[in-house]
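Everything numeric here is computed off the predicted structure, so don't read it as measured data.
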Amino acid sequence: MTRRAVRAAQSASQRAVTQRGAGWCLASVTATYTDGTVDISTARGPIAKVRRLKSYAPTVGETVKVDFNADGNWIVVGALAS
């Protein structure tokens, strides 16, 4: 296998793990809705209509912790203390 092929294979596998993995990140709330969802801005880009926990009502501009899974589901778990 050539070096180019090895690098391409490593890059492709790294992208697949990043795209299909579960994890969490920090985000900024950009809009809130009465249906229990919010729009957020993450390092990955904007995400629309993310569900939030029932007991938590974020405000626009708050920095929040967001969990996501490999199926593309996102949930806002709570805000960071200020």
Side-chain angles (χ1 to χ4, degrees):
M1 205 181 255
T2 68
R3 284 186 182 177
R4 178 182 274 179
V6 169
R7 277 188 249 138
Q10 287 173 336
S11 179
S13 65
Q14 186 176 23
R15 275 193 314 275
V17 168
T18 300
Q19 291 171 356
R20 297 295 299 169
W24 66 274
C25 66
L26 297 179
S28 178
V29 176
T30 56
T32 62
Y33 303 98
T34 58
D35 65 354
T37 62
V38 297
D39 291 350
I40 58 173
S41 177
T42 72
R44 295 177 172 207
I47 309 291
K49 296 294 211 168
V50 176
R51 284 257 169 236
R52 62 175 173 78
L53 294 179
K54 201 177 211 181
S55 61
Y56 171 64
T59 59
V60 172
E62 264 188 315
T63 299
V64 294
K65 180 186 180 257
V66 182
D67 292 344
F68 55 89
N69 69 13
D71 293 329
N73 298 310
W74 293 71
I75 184 169
V76 174
V77 203
L80 297 179
S82 51

Residue pairs fulfilling side chain to side chain donor-acceptor pair (under 3.5 Å) with at least one residue in residues 21-32, sequence neighbours excluded: none
Hey, could you give me each pair passing salt bridge (charged side-chain N to carboxylate O under 4.0 Å, His left out) that has a residue in residues 73-82? Not counting sequence neighbours. none
Return the set of residues passing side chain to side chain contact (heavy atoms under 4.5 Å, CB included) with N73 (not counting sequence neighbours), or none when no residue passes. N69, D71
Does A79 have any side chain to side chain contact (heavy atoms under 4.5 Å, CB included) partners at least two apart in sequence or in another chain, and if so, which? Y56, E62, V64
What's the shortest heavy-atom distance between R52 and P58, and which atoms? CD-CD, 3.4 Å
Throw together a table of side-chain donor-acceptor distances under 3.5 angstrom for residues 36-43, partners on residues two or more places apart or in other chains.
{"residue": "T37", "atom": "OG1", "partner": "D35", "partner atom": "OD1", "Å": "2.5"}
{"residue": "D39", "atom": "OD1", "partner": "K49", "partner atom": "N", "Å": "2.9"}
{"residue": "D39", "atom": "OD2", "partner": "Y33", "partner atom": "OH", "Å": "2.6"}
{"residue": "T42", "atom": "OG1", "partner": "R44", "partner atom": "N", "Å": "3.0"}
{"residue": "T42", "atom": "OG1", "partner": "G45", "partner atom": "N", "Å": "3.2"}
{"residue": "T42", "atom": "OG1", "partner": "G45", "partner atom": "O", "Å": "2.8"}

Run through the side-chain heavy atoms of Ile, Leu, Val, Met, Phe, Trp and Tyr, join any pair under 4.5 Å, and report what else lands in V60's cluster. none
Give the intermediate values and the outcome of side chain to side chain contact (heavy atoms under 4.5 Å, CB included) for residues L26 and L80. CA-CA 9 Å; L26 297 179; L80 297 179; 3.9 Å; yes
Can you find a heavy atom in the side chain of L53 that is under 4.5 Å from one in the side chain of I75? yes
